[in-house]
Every structure is written in C-alpha cells, then in structure tokens.
Protein chains: 2
Amino acid sequence: MLSNASKYAVRAVLFLADKSDASTKYSAKAIGEELEIPVYFIAKLLQQLVKAGLVSSSKGPKGGFYLSEENLQNNACKILHEIDGEDVFSHCFMGLPRCGDKNPCPVHHIVSPFKDKLMAKFQKQSIKELSDEIDEKGMYLSLKDS
Amino acid sequence: MLSNASKYAVRAVLFLADKSDASTKYSAKAIGEELEIPVYFIAKLLQQLVKAGLVSSSKGPKGGFYLSEENLQNNACKILHEIDGEDVFSHCFMGLPRCGDKNPCPVHHIVSPFKDKLMAKFQKQSIKELSDEIDEKGMYLSLKDS
DNA sequence: ATAATAAAAGACTAATTAGTATTTTATATA
DNA sequence: TATATAAAATACTAATTAGTCTTTTATTAT
C-alpha cells in the first residue's frame, strides 16, 4: 500500500514535528540513525520534501532539517502524495479495476471504512495535531532502544 | 500490501470456485480475459498453485484449471501465502520495526482491527464459503462488462 | 581566509516485482 | 495414430522500487 520511501518519509517528518524547530535541526544522519532508516535514502527523501515546501532545511554547520510553524500546519497526506503520488490510497485492495460502493470487490466493505479512518488521521489532522496525539497516546516512531 | 500476483491469484481462484468443477474447466486464456489479467502471468501463477495443491488442472483438449471439492475447503490465505510468502500481513503499516500492541505506531490502533477483519475473511472462511458469500452479497471479481 | 559541516544535486547499482515468450509434455478426439 | 489443445517448465525482458555513492554548494565558526 505505502512504499518504503513514504513510510520512511512520514516517520521522519513526525520525528521532526516532535523534536525540531527553527533553532533545533537534525541532520539526515541523525534522523536515519534515530529511526533506523538508511541514511542516504532518508536524505534524498527529505530533500524532495524540502523542494515541495513540506520540510525546511539549512546547509552548513548547525544546519539540518526541521519543521517550521507553517510546515506543521500541513497534513501528513501531503507527504504521502509527494512521495508516492496522488493515488496512493485509491487502488482496490484486490486489484479490481473500477471497484467501488456500487461494484464492490469481496473485501471492499472492510477496506473502505479502513481507508476512511486512515484519511481522518492523515488528511483531516495537521502534522502538528497528529504529532501531539502521538505524544499523548504514547505511540512510537522508532523502537531503536526498546 | 498485496502484490499484483497475489491479487490476481485470489481473484482467479475465487472465479474458479464460483464457475468451475471437475467437469467444467477454464484455460488460463479464458480466465485472463474474463478477469482482465495478463494471460501469461495468470497461467504461471495458477501453475504454481497447482503445484502447491491449491488448484487442480488437466492438460490437453477440454483441459484447464478448476477447483476440486478438496481445493474448495482451503482458505484464501493459503493462496496469499503461497504467492507472497508467509508474512504478507505481518509488517507494520508505517514500517516501524517491532510495532505491536505494546509499542504501537501512530496507526496501529486503526490497522490492527482491519487486519483482524481481513483475517476473518481470508483465514477463518473456506474458499467455498467465501465464494458463496460473494454470490449472495453481489460482490464482483471482474467488472469487465459493467 | 579557511576548515569543517551538512544539504543539494545527480549519477549510479541492486533487488524485487511484473510481465512475456518459447519449448516440452500430456491428453482428448477425430 | 495424427492433430489440436492446453498445462508445465523454463528462460527471458521490462519496469519499478530500494538503496548507495560522489561531487557541488552554502554556511558557520575558528
């Protein structure tokens, strides 16, 4: 459903949402190691997100990636769309072309409400709100030391 | 989540569950065209399932693929496992290593019940039962002519 | 100024998944 | 018994995804 790339990207962004700000930046190396993601890979992904205006960065010593206040107002869906393309969630789980409420595949009635719930998480909440919820409810972006 | 291969395979098997029996067989060509699946591809997949004992076949004129009464007693999960390997559903949706009830990723509480429901479909029901339900509830395996 | 740091850019390689084509073997039927 | 049919076996090619590496550019601090 999601590519490794977009999973990595979302985790990295949520990490930055929690830990970074304009004066506390993280290098690709630090992020990759913290989240157990290949360093060169997450570097490339974050650069792509910077280009798309979803993440902020600065070069040089004390540079790195971070989320600005504006970045925090975006929803997580934008990350997915930027990395995996616009139709990440639109394909039928069983691969049935033109599957829908009127012509459901055998698992449409299970998959459809699941997608709705995911959308509520990723689309209706801002990254800031999602990140706060992750903190409150004790969810994890990394289990490196657990 | 599922590969094209396993989606194709499940649809093909459910098609055979509905339409075939020991005296009514379908060629790979017929199945591929009916389900809008690349013919050579579904041929190869069905051959793999025959080898695994999940589908039956006979060669020559009037030959083709079909499901025997024994084949119908299997669950659909076996198809998925045969094609995509044993850990199709076990990976975390966000790619978090060691995600689980105790250490949930940000969408674990949404994904986990979804997986349970899918399991109930694919693991607890036989292919026969699933196929009957598809008939009853008017679900689709193909929308070729809709 | 210069050295060190870290992103940006871009060019790769590797692995996996998807799909196609060819040859061989078995079997029904004419 | 010859022919046509269709699976089985096998060997591919193509496309996508995953991951790595090198060079360049900008910036900070010494």
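Basis for what follows: all heavy atoms, side chains included, without hydrogens, waters or symmetry-related copies. Here is how names work: the chains are called A, B, and so on, in the same order as the sequence lines, proteins then strands, and each is numbered from 1.
The interatomic distance linking A:Lys29 (NZ) with C:dA4 (P) rounds to 17 Å, in whole Å. B:Glu33 has its CD atom 14 Å from the C1' atom of D:dA6, to the nearest Å. Separating the NZ atom of B:Lys7 from the P atom of C:dG19 is a distance of 11 Å, rounded to the nearest angstrom.
The minimum heavy-atom distance linking B:Ile31 with B:Ala12 is given by the pair CG2-CB, 4.0 Å. Looking at every heavy atom in both residues, A:Cys105 comes nearest to B:Met139 through O-CG, 4.0 Å. Of all non-hydrogen atoms in A:Gly32 and A:Val39, the two that sit nearest each other are CA-CG2, 4.2 Å.
The backbone N or O of A:Leu67 sits less than 3.5 Å from a side-chain atom of A:Ser20, completing a donor-acceptor pair. No donor-acceptor pair under 3.5 Å is formed between the side chain of A:Ser6 and the backbone N or O of A:Ile83.
Scanning for side chain to side chain donor-acceptor pair (under 3.5 Å) contacts around A:Lys7 gives an empty result, with sequence neighbours left out. Listed by chain and residue number, B:Asp18 satisfy the side chain to side chain contact (heavy atoms under 4.5 Å, CB included) test with B:Asp135 (two or more places apart in sequence, or in another chain).
Other cluster members for A:Leu96: B:Tyr140, B:Leu143, joined by side-chain heavy-atom distances under 4.5 Å among Ile, Leu, Val, Met, Phe, Trp and Tyr.
Applying the ring-ring contact (aromatic ring centres under 6.0 Å, His included) test to pairs two or more places apart or on separate chains, none has a residue in residues 50-76 of chain B. Sequence neighbours left out, the pairs with a member in residues 36-47 of chain B that pass side-chain hydrogen bond (donor to acceptor under 3.5 Å, both in side chains) are A:Arg98-B:Glu36. Pairs of residues two or more places apart, or lying in two chains, never qualify as salt bridge (Lys or Arg N to Asp or Glu O under 4.0 Å) while including a residue from residues 72-93 of chain A. Counting only residues at least two apart or in different chains, salt bridge (Lys or Arg N to Asp or Glu O under 4.0 Å) contacts with residues 110-122 of chain A comprise A:Lys121-A:Glu133.
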Could you list, one pair per line, each protein nitrogen or oxygen that sits under 3.5 Å from a nitrogen or oxygen of nucleotides 15-17 of chain D, together with the distance?
none

Measure all distances between protein nitrogen or oxygen atoms and nitrogen or oxygen atoms of nucleotides 24-28 of chain C, and list the pairs falling under 3.5 Å.
{"unit_1": "C:dT25", "atom_1": "O2", "unit_2": "B:Lys59", "atom_2": "NZ", "d": "3.4"}
{"unit_1": "C:dA26", "atom_1": "O4'", "unit_2": "B:Lys59", "atom_2": "NZ", "d": "3.3"}

Donor-acceptor pairs under 3.5 Å, side chain of residues 50-61 of chain B to any protein atom, not counting sequence neighbours: which ones?
{"unit_1": "B:Ser56", "atom_1": "OG", "unit_2": "B:Asn71", "atom_2": "OD1", "d": "2.6"}
{"unit_1": "B:Ser58", "atom_1": "OG", "unit_2": "B:Lys25", "atom_2": "NZ", "d": "3.0"}

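Relative to the side chain of B:Ser57, the nucleotides C:dT20, D:dA18, D:dA8 differ in distance, and D:dA8 lies closest.
Looking at residues 39-55 of chain A, you'll see A:Tyr40, A:Phe41, A:Lys44 sit with a heavy atom under 4.0 Å from some atom of DNA chain D. Near DNA chain D, defined here as any heavy-atom distance below 4.0 Å, the residues from residues 12-26 of chain B are B:Tyr26, listed numerically.
Residue B:Ala28 is the one, among B:Ala28 and A:Pro38, whose nearest nucleotide of DNA chain D lies closer to the 5' end (criterion: closest heavy atom).
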